[in-house]
Student: 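Take a look at this one; I'll ask things after.
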Amino acid sequence: MKNISILGSTGSIGTSTLAVVDKFPDRFKVVALAAGNNTELLEKQVRRYRPAVVSLSGEKAAEGLRKRCADLPVRVFSGVEGMIQVAAAESANIVVSSIVGTAGLVPTMAAVRAGKDIALANKEVLVTAGELMMSECAARGVKVFPVDSEHSAIFQCLQAGVRRDVSRLILTASGGPFRGMTGSELSKVTLAQALKHPNWSMGKKITVDSATLMNKGLEVIEAHWLFGMESGRIKVLVHPQSIVHSLVEYQDGSVVAQLGMPDMKGPIAYALSYPERLEGVSPALDLASIATLTFEEPDRERFPCLAYAYEALRAGGSMPAALSAANEVAVKHFLEERIRFIDIPAVIKAVMEAHTPAAVRTVEDALKTDRWARQEAEKAIKTVRREA
Ligand SMILES: NC(=O)c1ccc[n+]([C@@H]2O[C@H](COP(=O)([O-])OP(=O)(O)OC[C@H]3O[C@@H](n4cnc5c(N)ncnc54)[C@H](OP(=O)(O)O)[C@@H]3O)[C@@H](O)[C@H]2O)c1
């Protein structure tokens, strides 16, 4: 029996993780859950999974949940402190890090410092403080199991050889809903269109990131830290069917790929049960019915966010944290229909141009850049709104 704590239990990854738990109740037990504002769903989860510790963002909401769950032996916390309680819950063996954005950084670091293994979905954590996080994990013997389907695929493909023989990591990207569009078509796309991902059902922020290709850029940075590979040897390949989840190229010319249906329960279950594989987690792959798998280069000109992420990684230090914070702010404004789709890269570019990268030695260093970049992004948003 593995005891699981979930940061972000009410989200897309959180609920898929609970679906995996439902399928294998004799293997996994939920001991702690953290959510943002969705009190109603968290209460349902508390009643069903009986965790010992839970947390919500706001104290008022937490107080409401305490009253509603007065009949249960659950401790309800709030705020950052609450997330830390969930992350470091004593009986947890593994923590699923699936809060969206930089908000996941402090609790994920708390889980690492408490010596918990991490099933990592939140890519922004490694983008913002990758070096720090990986060195803390190494110092404490904490294992990080990737949940992102591409990184789970790479993790699996790397088991076919030895590290020194790897020549490239190849991350696949669906290309998102706007693949193949011209610049003028992109200037008119709507929020509803951006939220219609062709293959995956996910949270709103990552769905927009997939449409701008920033998601792939964040994944390049994530792969750099997870697998210790320099940016020049991480390639992105557009594969619209999302069946080949990623590939590893070895120096003898062999390429090892991992395939499966686009279903996050597969990589989540593998992160929780590694090295075992659980029976029937995802639907079987029927290649004959899919018939065609295609690949193409990404369009870096129309989707500049991918190039910005490579640039940020090359610049190093706090630049990826600035990129990620600027992106979070821009996406939030796009989700509120205050800026256009094509304004998202413009905001990120402006923030990166204004940023002088500094070393990220502590979580506070990362958060300082995050706060600065958010303010800069708000300024850039005012400019793009004036110009639109
Ligand atoms: N969805 C996928 O298929 C997928 C695949 C690969 C990687 N990821 C990564 O996994 C992470 C989560 O993605 P998602 O799609 O599951 O997002 P999501 O559906 O939007 O869920 C986000 C979760 O984080 C919680 N949350 C948000 N802000 C919070 C805060 N300030 N404090 C505490 N909790 C907070 C939300 O709580 P409430 O809803 O209660 O407010 C929710 O439980 C992202 O980093 C994403 O890039 C996702």
Side-chain angles (χ1 to χ4, degrees), residues 5-20 32-46 54-59 61-62 64-65 77-87 95-108 110 118-128 145-153 171-174 195 197 199-210 212 214-219 221-223 226 242 245-246 261-268 270-271 282 309 324 327-328 331-332 335 367 370 374:
S5 168
I6 306 174
L7 298 167
S9 66
T10 48
S12 163
I13 291 289
T15 50
S16 293
T17 303
L18 290 169
V20 170
L33 298 173
N37 300 311
N38 195 341
T39 313
E40 212 167 289
L41 181 53
L42 185 62
E43 182 186 351
K44 281 191 190 138
Q45 293 177 346
V46 169
V54 299
S55 166
L56 280 162
S57 280
E59 175 48 32
L65 188 64
F77 296 94
S78 66
V80 176
E81 268 315 305
M83 287 192 286
I84 292 173
Q85 292 281 350
V86 168
V95 175
V96 178
S97 170
S98 58
I99 286 174
V100 62
T102 314
L105 175 59
V106 169
T108 306
I118 308 289
L120 186 70
N122 177 316
K123 56 196 86 188
E124 295 92 344
V125 164
L126 284 186
V127 173
T128 305
F145 299 104
V147 166
D148 229 332
S149 58
E150 294 78 358
H151 303 75
S152 175
L171 295 172
T172 53
S174 70
L195 288 176
H197 193 282
N199 305 328
W200 298 93
S201 158
M202 310 181 283
K204 284 183 180 169
K205 193 240 172 200
I206 185 175
T207 304
V208 174
D209 285 349
S210 299
T212 61
M214 178 54 92
N215 183 49
K216 215 45 57 181
L218 299 177
E219 287 179 8
I221 303 174
E222 184 185 10
L226 277 177
S242 298
H245 296 310
S246 277
M261 292 302 284
D263 177 357
M264 285 309 294
K265 289 197 288 306
I268 292 169
Y270 192 62
S282 310
S324 182
N327 179 56
E328 264 192 59
V331 170
K332 178 175 159 284
L335 288 172
L367 294 178
D370 184 78
R374 282 169 196 271

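All ligand and atom numbering here is 1-based and tracks the order in the structure.
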Student: Ligand 1: which residues have a non-hydrogen atom closer than 4.0 Å?
Tutor: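 G8, S9, T10, G11, S12, I13, A35, G36, N37, N38, S57, M83, S98, I99, V100, A103, A121, N122, K123, E124, D148, M202, G203, I206, M264.
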Student: When you compare the side chain of I221 with that of L126, does any pair of heavy atoms fall below 4.5 Å?
Tutor: no
Student: Tell me whether the count of non-hydrogen atoms from other residues, nucleotides or ligands lying under 6.0 Å of CD in E59 goes above 12.
Tutor: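 Yes, because the 6.0 Å sphere around CD of E59 holds more than 12 heavy atoms from other groups.
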Student: Using the test side-chain hydrogen bond (donor to acceptor under 3.5 Å, both in side chains), find all partners of E124 that sit at least two apart in sequence or belong to another chain.
Tutor: K205
Student: Is it the case that the side chain of Q45 and the backbone of L33 share a donor-acceptor pair, with hydrogens and angles ignored and the cut-off at 3.5 Å?
Tutor: no
Student: With a 4.5 Å cut-off on side-chain heavy atoms, are K204 and T207 touching?
Tutor: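 Side chain of T207 against side chain of K204, heavy atoms only: no contact under 4.5 Å found.
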Student: Side chains of T15 and T10, heavy atoms from C-beta outward: is any pair under 4.5 Å?
Tutor: no
